[in-house]
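Note that this is a predicted model, so its numbers are computed, not measured. So you know, we letter chains A, B, ... as the sequences are listed, proteins then strands, and number each from 1.
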Protein chains: 2
Amino acid sequence: MNKEEQVMTELWELFNKKMWLDGYKLKNRLKGYNPSEVHCIEFIEENEDSNVTKLAESFYMTRSAISKLTKKLIEKGLIESYQKPENKKEIYFKLTKQGHGVYEVHEELHKEYQERDKAVFEQITEEQYNSMLCFTEKFNKHLDSEIKKLDVDVTSGWRDNL
Amino acid sequence: MNKEEQVMTELWELFNKKMWLDGYKLKNRLKGYNPSEVHCIEFIEENEDSNVTKLAESFYMTRSAISKLTKKLIEKGLIESYQKPENKKEIYFKLTKQGHGVYEVHEELHKEYQERDKAVFEQITEEQYNSMLCFTEKFNKHLDSEIKKLDVDVTSGWRDNL
DNA sequence: GCTTTTTTGTGTCCTTGTCAACAATAAATC
DNA sequence: GATTTATTGTTGACAAGGACACAAAAAAGC
């Protein structure tokens with residue numbers, strides 16, 4: 001295996017493990033809420049005037065899926081929707097008090113993850129950080145342009161733009 | 001945002017994009033097969049005597065899901081199962097000719113991905129590679145030990161070991 | 001201004017994966 | 001060697017998300 005493959009493989013495993021582990025902790029701490037819901041709450045808190053489309057773009061999911069997810073969050077009383085007088089089409093979301101409670105717990109959890117992984121990051125030198133950031137930035141830009149080339153809406157079904 | 005968060009965030013985005021993009025290409029090239037199926041075929045080809053449990057562990061999925069996936073692959077004529085005379089419990093899988101055809105196409109696709117992303121990897125110095133591999137290896141080992149601490153079976157439902 | 005196109009959100013059907021319970025076999029314990 | 005425990009794979013009910021089609025509103029073109 002060449003180094004390129006090796007890096008990608010290791011990153012793949014890393015992500016699977018971290019997602020599994022974080023999800024496991026989350027389900028134990030926030031019973032009744034799954035990672036998607038919490039992730040959604042996090043985004044709404046941190047991005048003003050978020051709507052179905054913005055959430056879908058950010059999560060690389062369909063608008064359909066987000067529409068159902070937000071509906072459920074409204075029913076659970078975690079978020080509420082609002083509109084602006086000048087636009088009758090777009091529907092925005094914000095957290096309720098209860099939703100904010102979930103957000104806070106998740107923030108704590110996030111700190112716990114960092115604490116848990118501190119041992120790893122402490123060993124990373126400034127230079128190594130820069131190497132990685134250099135790599136991730138380049139790769140992200142590259143993928144953005146490749147996705148753009150397709151001229152496809154990331155938030156809709158496959159055939160929409162074929 | 002500190003560097004640690006920055007790295008993780010960028011890696012997260014990178015993976016979402018790459019998975020979306022590769023999945024998109026795959027669905028166009030191998031119509032009728034989805035990423036899970038192809039991923040499964042790939043693993044079976046590259047790991048002798050793979051069974052439901054090994055697949056589940058590797059994919060961080062439940063045995064239940066893999067059981068259904070392999071069943072479908074058998075029905076589609078892409079893989080076949082076999083047993084060993086000394087063990088009546090474990091069921092192993094291998095590819096059929098048709099399955100091997102799919103494997104080959106996926107290999108080509110994989111090379112295309114590499115070709116597509118070559119521009120990024122060419123800019124990475126040997127030293128930067130080593131930095132990243134150092135990081136991923138440490139992190140992977142760390143996560144392995146954290147998962148092991150829980151003493152939970154990754155391939156079964158959440159409550160099995162609680 | 002009126003028509004056409006795009007954007008935004010939703011509903012229905014279908015696929016995929018989890019959860020939980022289960023049977024069959026193997027391994028461990030006594 | 002018999003009994004208990006763990007492993008392996010399967011199934012059915014359910015939940016999450018995608019595919020597709022649609023209506024309503026906004027934006028663009030004329």
Side-chain angles (χ1 to χ4, degrees), chain A residues 16 19-20 23-24 26-27 31-40 49-57 59-76 81-93 151-162, chain B residues 16 19-20 23-24 26-28 31-40 49-57 59-76 79 81-93 151-162:
Chain A
N16 273 330
M19 281 205 303
W20 189 91
Y24 182 86
L26 185 85
K27 287 187 192 179
K31 308 246 184 201
Y33 308 103
N34 63 35
S36 290
E37 292 171 335
V38 177
H39 194 192
C40 193
D49 291 343
S50 37
N51 57 10
V52 167
T53 300
K54 282 181 201 160
L55 282 159
E57 278 170 0
F59 294 179
Y60 284 74
M61 281 168 59
T62 59
R63 293 199 310 272
S64 173
I66 301 292
S67 178
K68 289 162 196 165
L69 186 51
T70 50
K71 189 182 175 186
K72 195 171 60 173
L73 290 174
I74 290 173
E75 283 165 3
K76 285 188 176 183
S81 62
Y82 63 93
Q83 289 190 289
K84 296 187 177 182
E86 70 272 19
N87 190 319
K88 294 177 184 174
K89 191 168 65 165
E90 298 185 0
I91 300 169
Y92 308 99
F93 304 109
D151 194 28
V152 169
D153 181 358
V154 202
T155 69
S156 55
W158 294 99
R159 301 189 186 291
D160 265 35
N161 303 54
L162 292 180
Chain B
N16 273 330
M19 282 206 301
W20 188 92
Y24 183 87
L26 185 85
K27 287 187 191 178
N28 276 317
K31 308 245 183 201
Y33 309 103
N34 62 35
S36 290
E37 293 173 334
V38 177
H39 193 191
C40 193
D49 291 344
S50 36
N51 57 10
V52 167
T53 300
K54 282 181 203 161
L55 282 159
E57 279 171 0
F59 294 0
Y60 284 75
M61 282 167 61
T62 59
R63 293 200 308 276
S64 173
I66 301 294
S67 179
K68 287 165 191 169
L69 185 52
T70 51
K71 190 181 175 186
K72 195 171 62 172
L73 289 174
I74 290 173
E75 283 165 1
K76 284 190 175 181
I79 66 173
S81 62
Y82 63 93
Q83 289 190 289
K84 295 187 178 182
E86 69 272 21
N87 191 318
K88 293 177 185 176
K89 191 168 63 164
E90 299 185 0
I91 300 168
Y92 308 100
F93 303 109
D151 194 28
V152 170
D153 183 356
V154 202
T155 69
S156 54
W158 295 99
R159 303 188 183 291
D160 265 36
N161 302 56
L162 291 181

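Remark: B:Glu90 engages B:Asn51, B:Asn87, B:Tyr92 in a side-chain contact (heavy atoms from CB on, under 4.5 Å) (not counting sequence neighbours). Partners of A:Thr70 by side-chain contact (heavy atoms from CB on, under 4.5 Å), not counting sequence neighbours, listed by chain and number: A:Cys40, A:Val52, A:Leu55, A:Ile66, A:Ile79, A:Phe93. Listed by chain and number, the residues in a side chain to side chain donor-acceptor pair (under 3.5 Å) with B:Lys68 amount to none (sequence neighbours excluded). Contacts of B:Lys84 classified as side chain to side chain donor-acceptor pair (under 3.5 Å), with partners at least two apart in sequence or in another chain: B:Asp49.
Contact annotation: B:Asn87 does not reach the phosphate of C:dT25 (side-chain N/O to OP1 or OP2, under 4.0 Å). An OP1 or OP2 oxygen of D:dT8 is reached within less than 4.0 angstrom by no side-chain nitrogen or oxygen of B:Asn51. Note on A:Thr53: every side-chain N or O is 4.0 Å or more away from OP1 and OP2 of C:dT7.
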For nucleotides 15-17 of chain C, list the nitrogen or oxygen atoms of the protein found under 3.5 Å from its nitrogen or oxygen atoms, one pair per line.
| unit_1 | atom_1 | unit_2 | atom_2 | d |
| --- | --- | --- | --- | --- |
| C:dT16 | OP1 | B:Asn34 | ND2 | 2.6 |
| C:dT16 | OP1 | B:Lys72 | NZ | 2.9 |
| C:dT16 | OP2 | B:Lys72 | NZ | 2.7 |
| C:dG17 | OP1 | B:Ser36 | OG | 2.6 |

Write out a two-atom table: protein N or O, nucleotide N or O from nucleotides 1-7 of chain D, distance below 3.5 Å.
| unit_1 | atom_1 | unit_2 | atom_2 | d |
| --- | --- | --- | --- | --- |
| D:dT7 | O2 | B:Lys89 | NZ | 2.5 |

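Rounded to whole Å, the distance from CG on B:Leu73 to P on D:dT10 is 12 Å. Summarising the geometry, the separation between CG on A:Asp49 and P on C:dT8 is reported as 13 Å, rounded to the nearest angstrom. Rounded to an integer number of Å, the gap from NZ of A:Lys71 to P of D:dA16 is 13 Å. The CD atom of A:Glu75 sits 13 Å away from the P atom of D:dA15 (whole-angstrom rounding). The CD atom of A:Glu86 sits 14 Å away from the C1' atom of D:dA25 (whole-angstrom rounding). For A:Ile91 and D:dA26, the CD1 to P distance is 11 Å, given to the nearest whole Å. Atom OH in A:Tyr92 sits roughly 10 Å away from atom C1' in C:dT8 (whole-Å rounding). For A:Tyr60 and D:dG18, the OH to C1' distance is 17 Å, given to the nearest whole Å.
One can find a donor-acceptor pair under 3.5 Å joining the base of C:dG11 and the side-chain atoms of A:Ser64.
The line from CG of A:Leu26 to OG of A:Ser36 is 10.0 Å long, rounded to the nearest 0.5 Å. Residue A:Met61 holds its CE atom at 11.0 Å from OG of A:Ser67, rounded to the nearest 0.5 Å.
With hydrogens and angles ignored, the 3.5 Å screen pairs a side-chain donor or acceptor of A:Glu37 with a backbone N or O of A:Asn34. Side chain of B:Lys76 to backbone of B:Tyr33: no donor-acceptor contact under 3.5 angstrom is found.
The listed nucleotides are C:dA26, D:dG9, C:dT10; the one nearest the side chain of B:Lys88 is C:dA26.
Residue whose closest nucleotide on DNA chain D sits further toward the 5' end, between B:Ser67 and A:Ile66: B:Ser67.
Here the closest non-hydrogen pair linking A:Pro35 and A:Gly23 is CG-CA, 4.3 Å.
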